Amino acid sequence: MSTESRSGLSRRQWLRNTGLGLGASVALPGLLPASEMSRVLGGGLPYSALLDQMERDVTTARRAAGPIRLNFNENPFGMSPKAKDALMGNWAQHTWYVPPIREEIAATFAKHVGVPVDHVLVTQGSSEVLSILALAYNMHGGEIVAPWPTFEDLPRWGETLGATVHKVPLDHRLDHDLYQMDAKINGNTKLVFVCNPNNPTSNLGDDQALRDFVSNAAKRSTVIVDEAYYDFVTHPGYKSMTDLVLKGEPIIVSRTASKIHGLAGLRIGFAIARPDIIKKLSQYVTGDPNVFGLTAANASLMDTEYQAFVKAKNTEGRTMLLDALAKLGKKAAPSQTNFVFFQAGKPVEQMQTYFAGKGFTIGRAFPPYTDWCRVSIGTPDEMKQFVGVLPGAFA
């Protein structure tokens, strides 16, 4: 007698009943039924047809779920269909402490970014890269130099561990003020933080100026370059800083599976650095990434068609919002991310209240830019709805 017969409940039935299986009766954003998945992944339909159907299903599901979330820079489409298929196919590894997928994803990511595998550390989201850095470089004091505002985790963790954090205001273009940041670097500086594109401002720094700054700063300190939004950039001159890592400079590049791969809730991130730095950081890892996130991220990294789909839809929605703001005469940063940062001319809290009444949640305030709004990019249909109610926010 089979295990399924003895238990009275097969693995497939259990997954279906809990809403986790490919045949789940409850549709989740970005996840389609088994019949549709098998037809596509088995060759019955073009993959592009599944992605088009997924876009329609996601928009419907998000609308039914309540206010449309445009506040956390999430991927509205969720994970790749191939990522979900791989996750369910790799279910057995969830019971193991050291699942083989851990080594597999490191090799997949290394190939994806063009570095040797010993230059890669897989973490619980890119936020863990930053917490590890704070532990590894600031436990005994020291200083951090960072633009401000920027992604807050490294400055916050540094302050928690007793580091002095120099928060250098952005310049008039909302760019890193590289001259002032350079002036703050001294013999006690342990880390220099660069976020490009920057969060919350959404814009890119000048490529050559920023690269020169990073290389020069790396002669005096370790530099961390946050590239969480790398995959959304459409500017032709933009390049990752991974080539500087390969030159042997003390530079760490962080990436994430939370954005274009849609895996924010599964917490997978990556650090790219010299092997000696990777070894140092590994000593401060506080836990292991979960097997489901590892499996989904591994498949998504190889699903270049899905990445291109998400990037194209994001660019469409981003352009829609930027054009609408321009017509209204509102100043906005030249976004290269999956969100837009624009000057509302009134407190963010008032804008949040207005959009909540229209069925949208938007980002919080980022001092000192308390009259600027950060709006994440939803599906194209959602962005059409958003720009339709946008003029009323300024009435």
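These numbers were taken from a predicted model, which means no experiment stands behind them.
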So that I know where these two stand, are Tyr47 and Tyr306 an aromatic pair - ring centroids less than 6.0 Å apart?
no
Centre-to-centre under 6.0 Å for Phe151 and Phe193, is that the case here?
no
[Y] side chain reached by [X] side chain, heavy atoms, under 4.5 Å:
X      : Y      : value
Ser221 : Pro250 : no
Gln124 : Ile268 : no
Met79  : His261 : no
Pro116 : Leu246 : yes

Going by distance alone, is a donor N or O of one side chain under 3.5 Å from an acceptor N or O of the other, for [X] and [Y]?
X      : Y      : result
Arg220 : Asn186 : no
Thr201 : Asn203 : yes
Ser240 : Arg255 : yes
Ser254 : Glu227 : no
Thr123 : Arg267 : no
Asn73  : Ser376 : yes
Arg211 : Gln208 : no

Would a distance-only check, ignoring hydrogens and angles, find a side-chain to backbone donor-acceptor pair under 3.5 Å from Gln307 to Asp231?
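The answer is no, because no donor-acceptor pair under 3.5 Å joins these two groups.
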State whether [X] and [Y] are salt-bridged, where the test is any N-O pair (Lys NZ or Arg NE/NH1/NH2 against Asp/Glu carboxylate O) under 4.0 Å.
X      : Y      : answer
Asp288 : Arg102 : yes
Arg274 : Asp118 : no
Lys190 : Glu143 : no
Asp153 : Arg156 : yes
Glu159 : Lys167 : yes

